[in-house]
There are 2 protein chains.
Amino acid sequence: MDMSDRTGTVRFMSLRHALLGLLAHGPASGYDLTRAFEGGIGQYAWQAGHSRIYPELGKMAEAEQVVVDEAGPRGRKTYTLTDAGRTELRRWMLHWPEQATVRDETVLRMFLVQSLEPDDARRLLEGIAEHCAAEIARLRPVMEAEDAEHHPGDPLPFGRLAGEYGLRQYEAVHGWALWSLERMAAVEPAVG
Amino acid sequence: MDMSDRTGTVRFMSLRHALLGLLAHGPASGYDLTRAFEGGIGQYAWQAGHSRIYPELGKMAEAEQVVVDEAGPRGRKTYTLTDAGRTELRRWMLHWPEQATVRDETVLRMFLVQSLEPDDARRLLEGIAEHCAAEIARLRPVMEAEDAEHHPGDPLPFGRLAGEYGLRQYEAVHGWALWSLERMAAVEPAVG
DNA sequence: CCAGGACGTGTCAACATGGACATGTCAGAT
DNA sequence: ATCTGACATGTCCATGTTGACACGTCCTGG
């Protein structure tokens with residue numbers, strides 16, 4: 001995997017690439033895309049509100065990465081990916097920068113668990129473990145139902161890989177929280 | 001775990017909390033903290049350069065969450081957490097917002113794997129799996145060495161839980177990439 | 001003695017972002 | 001007929017963030 005690209009001219013602009021990626025699935029309006037960011041992508045990967053999305057779509061149209069059809073009810077504009085847009089998406093997907101942008105409040109909290117008093121840390125880890133267990137219990141049946149409906153030869157449902165990613169993420173964090181609690185117990189038994 | 005706090009007055013400012021968390025380990029200068037962000041925390045959790053860190057430390061001193069000792073060689077200033085700072089850190093660690101800030105270019109790429117042609121997606125997933133395998137091979141011995149040096153009763157080394165988190169993260173992504181490849185192979189056999 | 005590199009702090013301009021503000025349409029229920 | 005809520009697009013401002021510019025110090029090796 002190429003981990004050393006920068007291309008000089010094209011800067012990072014991940015919001016743009018998120019939009020290109022969502023439009024790869026099919027044409028959509030700014031409103032549709034705003035809704036999409038309220039789902040898994042906005043929860044785990046990248047956040048954006050409509051006030052950022054609309055101007056960015058405008059710039060993308062200027063750059064001819066999308067074309068816009070303005071004929072829709074209530075002023076709805078539908079954006080469709082162009083070949084240039086698909087090419088840029090592919091370039092971005094395959095060329096990874098040395099250091100990818102990351103800004104994740106949840107992971108930050110995990111990194112700072114050891115800045116708490118042991119009792120606080122324990123309580124926090126227990127809360128994380130419970131939260132993850134609940135999310136796993138909620139998500140697993142969804143995936144299984146999706147898989148049960150899937151017939152051999154059908155294409156994978158859009159988002160199936162992303163969904164699996166989310167589920168495995170929760171499982172990993174769950175395992176980590178339990179391991180951390182054990183590790184802390186071995187070092188410093190709980191008070192009370 | 002409290003997943004519904006906002007406190008009205010205090011806004012999010014995760015950079016501030018990252019700094020408070022790092023200072024919980026012990027006093028440090030802006031320079032030291034800048035170095036810290038070049039390690040695991042900047043790679044997995046939150047990025048910041050010195051141009052952002054210095055002004056933030058200034059504001060934190062104003063808010064009396066840290067005290068500054070200006071007597072150091074080369075104009076070095078050492079910042080120490082105050083009780084107010086520790087309280088604010090604890091508040092932030094234990095009260096989680098409904099929707100945490102997340103902006104992760106790597107996860108975004110994973111979410112958009114299905115926007116690629118199957119052959120490109122396969123190549124990408126293979127690259128991810130290889131990269132993860134290499135990182136796991138690099139990290140695991142580091143953890144094991146740290147554990148081997150650890151005597152029962154010693155406190156956990158600062159960062160041990162974070163390190164384990166990173167390792168398990170790579171393992172989860174590795175497993176996901178392999179699962180995705182299998183899943184894709186079952187649906188659409190590779191060309192050639 | 002002096003050069004290079006690590007140490008160390010800071011500002012500034014350009015751009016990214018989120019939340020508030022602003023406006024209007026369409027469909028279905030009362 | 002009117003009201004409500006989802007649909008739909010947009011701008012503006014305060015703040016967050018990055019990369020470049022700018023300056024000066026201490027230590028070590030040649």
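These figures come from a predicted structure and were not determined experimentally. The sequence lines fix the lettering, A, B, ..., with proteins before strands; numbering per chain opens at 1.
When the side-chain contact (heavy atoms from CB on, under 4.5 Å) test is applied to B/Arg138, the partners found at least two apart in sequence or on another chain are B/Glu135. With sequence neighbours left out, B/Tyr54 forms a ring pair (Phe, Tyr, Trp, His ring centres under 6.0 Å) with B/His50. In this view, B/Val67 and B/Thr80, B/Thr82 satisfy the side-chain contact (heavy atoms from CB on, under 4.5 Å) rule, not counting sequence neighbours. Residues satisfying the side-chain contact (heavy atoms from CB on, under 4.5 Å) criterion with B/Ala36, sequence neighbours excluded, are B/Leu22. Every residue meeting the side-chain hydrogen bond (donor to acceptor under 3.5 Å, both in side chains) condition with A/Thr101, not counting sequence neighbours, appears here in chain and number order: B/Glu105. With sequence neighbours excluded, no residue forms a ring pair (Phe, Tyr, Trp, His ring centres under 6.0 Å) with A/Trp46.
Residues B/Ser29 and A/Lys59 both approach DNA chain C. Their nearest nucleotides, taken by heavy-atom distance, put B/Ser29 toward the 5′ side.
One atom, CZ of B/Arg35, and another, P of C/dT9, lie 10 Å apart when rounded to the nearest Å. A/Glu56 places its CD atom 16 Å from the P atom of D/dT9, with the value rounded to the nearest Å. We find that CZ of A/Arg103 is positioned 13 Å from P of C/dA16, with the value rounded to whole Å. Distance, A/Tyr31 OH to C/dT25 P: 16 Å, rounded to whole Å. Across the protein-nucleic acid pair, B/Phe37 atom CZ and D/dG19 atom C1' stand 17 Å apart, rounded to whole Å. Regarding B/Met13, its CE atom lies at a distance of 11 Å from the P atom of D/dT17, rounded to whole Å. The interatomic distance linking B/Leu57 (CG) with C/dT11 (P) rounds to 12 Å, in whole Å. Nucleotide C/dT17 holds its C1' atom 14 Å from the CG atom of A/Leu19, rounded to whole Å.
We find that B/Arg123 and B/Glu126 are not joined by a salt bridge, their nearest charged nitrogen and carboxylate oxygen being 4.0 Å or further apart. A/Arg35 has no carboxylate O lying under 4.0 Å from a charged side-chain N of A/Asp32, or vice versa, which leaves the two without a salt bridge.
Interface residues of residues 65-81 of chain A facing DNA chain D, ordered by number: A/Arg74, A/Gly75, A/Arg76, A/Lys77; criterion, heavy-atom separation under 4.0 Å. Near DNA chain C, meaning a heavy atom under 4.0 Å from it, residues 39-55 of chain B has B/His50, B/Ser51, B/Tyr54 in order of number.
Counting only residues at least two apart or on different chains, the ring pair (Phe, Tyr, Trp, His ring centres under 6.0 Å) pairs with a member in residues 143-163 of chain B are B/His25-B/Phe158.
The residue B/Thr34 sits apart from the nucleic acid: no heavy atom pair falls under 4.0 Å.
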